[in-house]
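Here is the naming used below: chain letters follow the sequence lines, and residue numbers restart at 1 for every chain. Just so we're clear, the structure is a prediction, and the values are computed from it rather than from any experiment.
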Number of protein chains: 2
Amino acid sequence: MTFLADAQQAIKDAGGRMTEQRRLIVELLAQTTEQFDAERLYLTAREQNDGVSLATVYRTLNILEAHGLIAPHYVSRDHERKYYELSNHDEYYHFTCRNCRKVIPFRSDRIQALKAALEQDLGIEVMHACVCFGDDSPA
Amino acid sequence: MTFLADAQQAIKDAGGRMTEQRRLIVELLAQTTEQFDAERLYLTAREQNDGVSLATVYRTLNILEAHGLIAPHYVSRDHERKYYELSNHDEYYHFTCRNCRKVIPFRSDRIQALKAALEQDLGIEVMHACVCFGDDSPA
DNA sequence: TTGCTATTGCAAATCGTTTGCAATAAGCAT
DNA sequence: ATGCTTATTGCAAACGATTTGCAATAGCAA
């Protein structure tokens, strides 16, 4: 199930049309591994087709988000821009380095264990959670 | 060590002055247990003293954040506003309910254990981390 | 092809937050 | 207390990211 196919389906299901601009945007996203924002995506898209407007990028991102193909990424403490990541990711986690501000992804099955334990402890189903360490304020 | 005293100290250390407006804002914050944003704080402050402007609220929040007395709170997926929480909190965590959107705080020493284990595993010092559960996209 | 209507680019609008400026007030020195 | 220096204020304009109104364009089903 490719990202493009999924997107195509989502758009069609919503009674939408697969335009040239949307195809380009979705193709670019399909190749994306890192997080991205509207501006960066817009600039990249422009390189291939200068008939893509920023408004269209925003509109397309909103559609993809609404259909769960991409999701906002809030690890970065930059509250100015809205960053996205693809939704078809494996379960993964990230640290943000206080010095270089880089987002460092990692895996650890310890976290799966924590999740299970918390569900047990608290009697809830964890769908999405944010756990904050440290008692000092982030930079 | 009261919040007000800490704030007073922080402002003084920065060569600042404790004005009537700042005192009011800080006093309101000292009584705050939930997360807050500039707008809500502004409206509350207005009830006590209608000579407090939104600009002053923003400026005061920026000072308090710079001095580590409050910290931005990014659990909420509302990327429109900037939410804060007091920094002098114990280590605590929160779930966001997908249905009612409420932020549910909780404690669990399991997380302290996870933190220690990750530091061991990865050879880093955890100051602040965000751990995301679930492979489906958040609402 | 034709026709209906979703989509586009543009520019103007919005929303939260920041900033320039002239007036005011903290608080130190007297 | 009084005066002086300068940080702080309120206001309104500026800002940057995102959204939206509109007339023109282009999917796509018949």
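- If you measure from atom CG of B/Leu24 to atom P of C/dA26, you get 14 Å, rounded to the nearest angstrom.
- Between the CD atom of A/Glu39 and the C1' atom of D/dT19 there is a distance of 15 Å, rounded to whole Å.
- Heavy-atom minimum distance, B/Tyr42 versus B/Ser53: CE1-C, 3.7 Å.
- For B/Arg46 and B/Gly15, each mapped to the nucleotide of DNA chain D holding its nearest heavy atom, the one lying further toward the 5' end belongs to B/Gly15.
- At a threshold of 4.0 Å, the pair B/Arg40-B/Glu34 does not count as salt-bridged, since none of the basic side-chain nitrogens sits closer than that to a carboxylate oxygen.
- Per the geometry, OH belonging to A/Tyr84 stands 14 Å off P belonging to D/dA17, to the nearest Å.
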Nucleotide N/O to protein N/O under 3.5 Å, stretch nucleotides 18-20 of chain C:
unit_1: C/dT18; atom_1: OP2; unit_2: B/Asn62; atom_2: ND2; d: 3.2
unit_1: C/dG20; atom_1: O6; unit_2: B/Arg59; atom_2: NH1; d: 3.4

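- Taking atom OH of residue B/Tyr42 and atom C1' of nucleotide D/dT9, one finds them 13 Å apart after rounding to whole Å.
- Looking only at distances, no side-chain donor or acceptor of A/Thr60 sits under 3.5 Å from a matching main-chain atom of A/Arg22.
- Between A/Leu69 and A/Phe3, the shortest heavy-atom distance links the atoms O-CE1, 3.6 Å.
- B/Arg81 places its CZ atom 7 Å from the P atom of C/dT17, with the value rounded to the nearest Å.
- Side chains of A/Gln21 and A/Asn49: a donor-acceptor N/O pair is absent below 3.5 angstrom, by distance only.
- The CG-P distance, from B/Leu43 to C/dG16, rounds to 11 Å in whole Å.
- Classification of A/Lys82 and A/Glu65 as a salt-bridged pair holds, one side-chain N sitting under 4.0 Å from a carboxylate O.
- Phosphate contact (OP1/OP2 of D/dT8, side-chain N/O of B/Arg22, threshold under 4.0 Å): present.
- The environment of CZ in A/Arg46 is crowded: more than 12 heavy-atom neighbours from other residues, nucleotides or ligands sit within 6.0 Å.
- Here C/dT17 presents its C1' atom at 13 Å from CD of B/Glu80, a figure rounded to the nearest Å.
- Not a single donor-acceptor pair under 3.5 Å links the side chain of A/Thr56 to the backbone N or O of A/Val52.
- Checking A/Val26, A/Leu24, A/Ile25 one by one against A/Leu28, the side-chain contact (heavy atoms from CB on, under 4.5 Å) holds for a single residue, A/Leu24.
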(request) Would you give a per-nucleotide map of nucleotides 25-30 of chain D, 5' to 3', where B means the base has a protein non-hydrogen atom under 4.0 Å away, S means only the sugar-phosphate does, and - means neither? (result) -BBS--
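- Rounding to whole angstrom units, CG of residue A/Asp50 and C1' of C/dT8 are separated by 14 Å.
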